[in-house]
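Encoded as structure tokens, the structure appears first; notes follow it.
None of these values were measured; they are calculated from a predicted model. The figures here come from the full heavy-atom set of this structure, side chains too, leaving out hydrogens, waters and symmetry mates. Letters A, B, ... are given to chains in the order of the sequence lines, protein chains preceding strands, and every chain is numbered from 1.
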Amino acid sequence: MNRLSILIVSMLVPLTTLADWEVNMPRGVSPTANAAYDLHMLIFYITVVIGIVVFGVMFYSIYHHRKSKGAKPASFHESTTVEVIWTVIPFVILVGMAIPATKTLIMMEDTRNSEITVKVTGYQWMWKYDYVEDDVSFFSKLADSSNEARQLRSKIDVNKVDNYLLNVDNEMVLPTNTKVRILLTASDVIHAWWVPEITGKKDAIPGYINELWVDIKEPGVYRGQCTELCGKDHGFMPIVVRAVPKEEYTKWVSLNQKNRVADKSK
Amino acid sequence: MSANIDHLKEEHHQPSGLMRWITTTNHKDIGSLYLWFSLLMFFVGGLMALVIRAELFQPGLQFVVPGFFNQMTTMHALIMIFGAVMPAFVGLANWQLPMMIGAPDMALPRLNNWSFWILPFAFTMLLSTLFFESGGPAAGWTLYPPLSLQGGNSMPFVIFSLHLLGASSILGAINVIATILNMRAPGMTLMKMPIFVWTWLITAFLLIASMPVLAGAITMLLTDRFYGTSFFTAAGGGDPVLFQHIFWFFGHPEVYILILPAFGIVSTIIPAFSRKKLFGYDSMVYATASIALLSFIVWAHHMFTVGMPLAGEIFFMFTTMLIAVPTGVKVFNWVATMWKGSMTFETPMLFALAFIILFTIGGFSGLMLAITPADFQYHDTYFVVAHFHYVLVPGAVFAIIAAVYYWLPKWTGKMYNETLGKIHFWMTTIFVNITFFPMHFVGLAGMPRRIPDYAVQFTDFNMIASVGAFGFGLSQLLFVYILFLTLRQPVTAADKSWEGAEGLEWTLPSPAPYHSFDTPPKVD
């Protein structure tokens with residue numbers, strides 16, 4: 001029994017350390033992020049197959065058609081037939097990729113029938129969230145613990161900081177199983193809003209209002225970062241989204257609306 | 001024409017010392033100047049890359065403040081693109097084009113001198129901005145407004161140096177076109193030109209078409225900053241996205257300016273060491289031309305996330321995917337050239353083979369990036385950094401190194417040390433992969449590009465990449481040592497240095513005479 005537990009622990013340890021060696025895109029928790037993941041894997045596998053075929057032929061040739069093995073050079077150097085074949089086949093493969101890609105793209109860009117709208121504004125270097133219907137509004141910037149640790153030669157061990165660089169003072173709260181429209185703009189320079197598990201990124205541009213939609217299926221905390229170079233603290237304006245069930249969200253809204261009203265009356 | 005050449009023959013009382021290099025109008029001298037300059041810039045840009053990699057070795061800020069980090073990423077890109085890769089290709093064109101087409105020199109020698117001598121001044125000015133109190137440019141090499149309009153005093157200097165670099169490139173391109181179209185040996189029709197000459201002819205047209213567009217974009221930035229215009233500022237009725245459209249209308253052809261001559265080099269070296277003619281010469285020419293034409297209608301794939309209309313996103317996704325067709329044709333033709341050849345693996349061939357494999361990997365990630373919905377995830381992450389370094393370092397840079405090893409005996413009459421060359425190849429290839437392959441992983445896992453510090457889960461792969469980068473940098477010192485050793489040797493190389501080498505340059509003695517072909521050779 002003891003041996004068994006040691007065995008299990010010894011098998012689990014490398015697994016937990018492996019968790020840091022993330023090599024792939026995370027699976028999403030929303031239809032758009034999942035569709036992006038599926039498309040990513042589809043194209044990846046297609047390129048792997050093409051790679052195996054092309055490099056396979058190449059390495060076969062490198063191994064067998066070498067002078068040191070006594071290979072004599074052949075004299076052929078053109079063939080319209082094969083040129084046509086290897087123009088048409090890739091074209092057909094591309095059409096096969098383009099069809100699901102276009103379908104996904106159309107689905108992603110369809111922001112109609114959303115239930116709530118949140119306006120996100122990029123600032124150097126923080127985000128502002130305005131819940132258009134619910135009259136909630138706040139700024140969200142890098143958490144103080146990260147901000148102290150990230151100073152040049154701060155002597156603080158960043159590994160001990162809670163969610164170093166991916167933690168904020170005020171989280172964005174969204175309801176699960178709700179189609180949320182996010183409007184993006186910026187007040188100074190271009191930023192980009194990205195939370196990989198929820199949605200692909202879109203730029204927040206001064207003078208523009210861009211839109212995207214999310215529909216988070218699982219409650220949880222999801223983290224992301226600004227992804228368009230926006231000046232010296234570009235690396236220090238994270239995004240944290242807390243997805244909660246609808247009832248909890250309604251509670252959160254009423255609480256924060258009240259606070260706002262209370263603030264105004266002061 | 002012949003009177004002209006007689007005149008040249010008599011005129012061998014050139015100045016010596018430094019004045020020889022400043023006043024030279026000889027294609028070989030200017031080619032050497034370009035290549036040495038490019039090597040110097042490769043190390044300057046490389047040092048900046050090492051500052052970046054040292055800071056990214058572990059999370060937290062250890063060495064530089066974020067503002068300086070951004071200056072390093074910006075300058076690293078500008079220097080590597082405009083200072084290392086482009087001048088290296090122009091240097092190779094200067095050395096090789098006249099010899100390959102059977103001409104005595106370039107068509108416009110004085111212009112040639114001028115195109116080169118603009119460069120040291122432009123880069124001195126560009127690099128001097130790092131010593132300004134407000135620092136160098138820090139908005140990325142893409143100079144996106146409004147951020148670039150916030151920059152310090154460096155901005156007008158950066159724009160002026162880019163104008164100079166653009167002028168230099170355009171003059172160089174005019175010279176290449178004039179040379180190729182007017183000075184080919186009798187009998188060398190367009191479809192009999194060596195493939196390197198073809199790729200450079202097409203590249204030169206790309207330069208002439210795209211460089212003025214960059215000039216327009218950065219001039220508008222300048223007037224926005226200093227003369228009260230609002231081309232790109234929303235508050236004044238302008239459009240920040242307009243800049244990106246103009247920039248990438250230049251930027252995408254620019255990407256192919258950096259790779260088409262590399263295709264030409266690889267298409268020269270693979271047949272030479274396979275001892276077999278290039279497979280599908282005609283289709284190679286057509287594929288190069290198609291890539292060049294397509295490069296003008298794919299620019300917005302660099303900006304899928306700016307919020308284009310759906311129709312625009314679909315259009316640019318389709319055109320971008322289409323590029324895979326002619327690029328694939330090229331790779332297939334190279335493999336077919338090797339097929340049933342009689343291959344040997346000297347250093348130039350090793351670099352050319354690594355080019356095919358690693359460039360194709362960069363092509364695969366390029367195809368993934370073309371898929372708009374997936375690009376929403378990849379965009380501006382380290383996945384993109386991995387992609388373009390795969391096509392530019394083991395792509396363009398490997399081709400340049402291969403070309404130097406391949407033609408060095410022709411240029412100097414001296415053969416490099418093959419063992420050291422192979423060691424250089426293996427070190428470079430191993431380290432380039434250690435550096436750039438992990439970047440795919442951290443990019444997919446969510447690490448944005450252009451950040452000086454990162455969340456702790458990205459630590460492991462960043463450490464590996466940093467170790468690889470320092471190894472790659474050190475390996476290039478070996479390259480300099482090899483060049484140094486080679487130049488110190490006596491002249492021993494054969495006129496035809498490689499058994500399978502084809503082309504007019506190998507009919508000349510090694511080292512090639514100062515004025516290449518005094519009498520044009522006959523080509524049948």
Side-chain angles (χ1 to χ4, degrees), chain A residues 20-25 35-36 39-40 43 47 51 54-55 57-58 61 65-67 71-74 77-78 83 86-87 90-91 94 98 101-102 104-105 108-109 150 152 158-159 164-166 189-190 192 196 200-203 205-208 210 225 227-235, chain B residues 59-62 65-67 70 140 144 146-147 234 240-241 275-280 283 305-307 310 313-314 317-318 321 324-325 328-329 331-332 335 338-344 357 364 367-368 371-374 376-377 379-380 441 444-446 448 450-453 455-457 460:
Chain A
D20 276 345
W21 297 83
E22 190 52 69
V23 295
N24 200 3
M25 192 187 281
L39 209 49
H40 157 70
I43 311 294
T47 59
V54 174
F55 297 150
V57 174
M58 195 173 153
S61 180
H65 306 145
R66 49 169 70 207
K67 199 185 174 195
K72 293 272 174 291
H77 60 89
E78 58 188 346
E83 299 285 354
W86 63 43
T87 307
F91 189 81
L94 288 176
T102 308
T104 307
L105 188 58
M108 280 184 179
E109 294 291 350
R150 66 110 174 163
L152 185 61
V158 296
N159 291 295
Y164 178 60
L165 295 188
L166 294 178
V189 301
I190 303 175
K201 61 191 71 65
K202 196 149 258 188
D203 292 355
I205 304 170
Y208 272 74
N210 278 332
Q225 281 179 271
T227 32
E228 178 63 53
L229 178 61
C230 58
K232 71 181 170 70
D233 287 350
H234 161 56
Chain B
L61 291 177
Q62 290 83 29
V65 291
N70 290 344
Y144 281 4
L147 183 63
V241 178
R275 292 168 181 75
K276 189 161 156 278
K277 262 180 93 170
L278 178 68
F279 188 86
S283 76
T305 62
V306 297
L310 179 64
E313 289 176 341
I314 291 175
M317 171 167 74
F318 287 175
M321 291 171 78
V325 175
V329 166
V331 174
F332 302 144
V335 175
M338 290 155 60
W339 190 255
K340 296 216 177 233
S342 171
M343 273 183 273
T344 52
I357 294 168
F364 287 150
L367 185 58
M368 294 168 81
I371 309 295
T372 315
F376 292 155
Q377 295 284 3
H379 184 86
D380 264 346
F441 302 147
L444 290 175
R450 292 168 166 173
I451 55 174
D453 192 5
V456 292
Q457 68 262 37
D460 304 307

Exercise for review: Specify which of A/Ala101, A/Gly51, A/Pro90 makes the most heavy-atom pairs with chain B at under 4.5 Å.
Suggested key: A/Ala101
Point to revise | Distance, nearest 0.5 Å, that separates CD of B/Gln457 from CG of A/Leu165 | key: 9.5 Å
Practice item. Counting only heavy atoms closer than 4.5 Å, note whether B/Gln377 contacts chain A via side chain, backbone, both or neither. Key: both
Exercise for review: Supply the atom-to-atom distance A/Arg66 CZ to B/Met338 CE, rounded to the nearest 0.5 angstrom.
Suggested key: 10.5 Å
Review point. A/Phe91 versus chain B, heavy atoms under 4.5 Å apart: side chain, backbone, both or neither?
Key: both
Review point. Which heavy-atom pair separates B/Gly280 from A/Glu83 by the least distance, and what is that distance?
Key: CA-OE2, 3.4 Å
Exercise for review: Let me know if A/Asn210 has heavy atoms under 4.5 Å from chain B in its side chain, its backbone, both or neither.
Suggested key: side chain
Exercise for review: First locate atom CG of B/Leu310, then atom CD of A/Glu109, and finally report the distance between them rounded to the nearest 0.5 Å.
Suggested key: 6.0 Å
**Study point:** Side chain proximity check, A/Lys232 to B/Val65, heavy atoms < 4.5 angstrom
**Key:** no
Practice item. Could you look at A/Met58 and say if it's the side chain, the backbone, both or neither that has a heavy atom under 4.5 Å from chain B? Key: both
Check your understanding: Within a strict 4.5 Å, meaning less than it, do heavy atoms of the B/Val306 and A/Ile190 side chains meet?
Key -> no
Check your understanding: For the candidates B/Arg450, B/Met368, B/Lys340, which exhibits the highest count of non-hydrogen atom pairs separated by less than 4.5 Å from chain A?
Key -> B/Lys340
Check your understanding: Can you name the closest pair of heavy atoms from B/Pro240 and A/Pro206 and give their distance?
Key -> CG-O, 3.6 Å
Exercise for review: Measure the CG-CG distance between B/Asn70 and A/Asp233 for me, rounded to the nearest 0.5 Å.
Suggested key: 9.0 Å
Point to revise | Part of B/Phe318 lying under 4.5 Å from any heavy atom of chain A | key: side chain
Review point. According to the interplanar angle, ranging from 0 to 90°, do the rings of A/His65 and B/Trp339 count as parallel (below 30°), tilted (30 to 60°) or perpendicular (above 60°)?
Key: perpendicular
Exercise for review: Please look at B/Pro452 and chain A and tell me whether the side chain, the backbone, both or neither of the residue comes under 4.5 angstrom of a heavy atom of that chain.
Suggested key: side chain
**Study point:** Leading residue by heavy atom contact count with chain A [cutoff under 4.5 Å; candidates B/Thr305, B/Leu278, B/Val335]
**Key:** B/Thr305
Point to revise | Contacting moiety of A/Leu105, where chain B heavy atoms sit under 4.5 Å | key: both
Check your understanding: Which answer fits B/Phe332, side chain, backbone, both or neither, if we ask what part of it has an atom under 4.5 Å from a heavy atom of chain A?
Key -> both
Point to revise | Interatomic distance, A/Leu39 atom CG to B/Phe376 atom CZ [nearest 0.5 angstrom] | key: 11.0 Å
Practice item. Go through the steps to decide whether B/Ser342 and A/Lys72 satisfy the test side chain to side chain contact (heavy atoms under 4.5 Å, CB included), and finish with yes or no. Key: CA-CA 5 Å; B/Ser342 171; A/Lys72 293 272 174 291; 6.0 Å; no
Revision key, fill the gap. Scored by heavy-atom pairs under 4.5 Å with chain B, the best of A/Glu228, A/Lys202, A/His40, A/Met108 is A/His40
Point to revise | Proximity breakdown for B/Met321 and chain A, heavy-atom pairs closer than 4.5 Å | key: both
Point to revise | chain A interface, residue from B/Pro146, B/Ala324, B/Ala374 that has the most non-hydrogen pairs under 4.5 Å | key: B/Pro146
Check your understanding: For the candidates A/Thr104, A/Asn24, A/Leu166, which exhibits the highest count of non-hydrogen atom pairs separated by less than 4.5 Å from chain B?
Key -> A/Asn24
Revision key, fill the gap. Greatest number of non-hydrogen atom pairs under 4.5 angstrom with chain B, of A/Ile43, A/Leu229, A/Val158, falls to A/Leu229
Study note, to complete from the structure: The interface call for B/Ile357 against chain A, heavy-atom contacts under 4.5 Å, is both
Check your understanding: Side chain, backbone, both or neither: which part of A/Leu152 has an atom under 4.5 Å from a heavy atom of chain B?
Key -> both
Practice item. Indicate yes or no: at least one non-hydrogen side-chain atom of A/Tyr164 is less than 4.5 angstrom from one of B/Asp453. Key: yes
Study note, to complete from the structure: Checked A/Lys201, A/Met25, A/Glu78 vs chain B; the most non-hydrogen pairs under 4.5 Å come from A/Lys201
Check your understanding: Relative to chain B, which of A/Ala98, A/Ala35, A/Ala36 shows the most heavy atom pairs under 4.5 Å?
Key -> A/Ala98
Revision key, fill the gap. Distance col, row B/Ile451:CD1 vs A/His234:NE2, nearest 0.5 angstrom, shows 6.5 Å
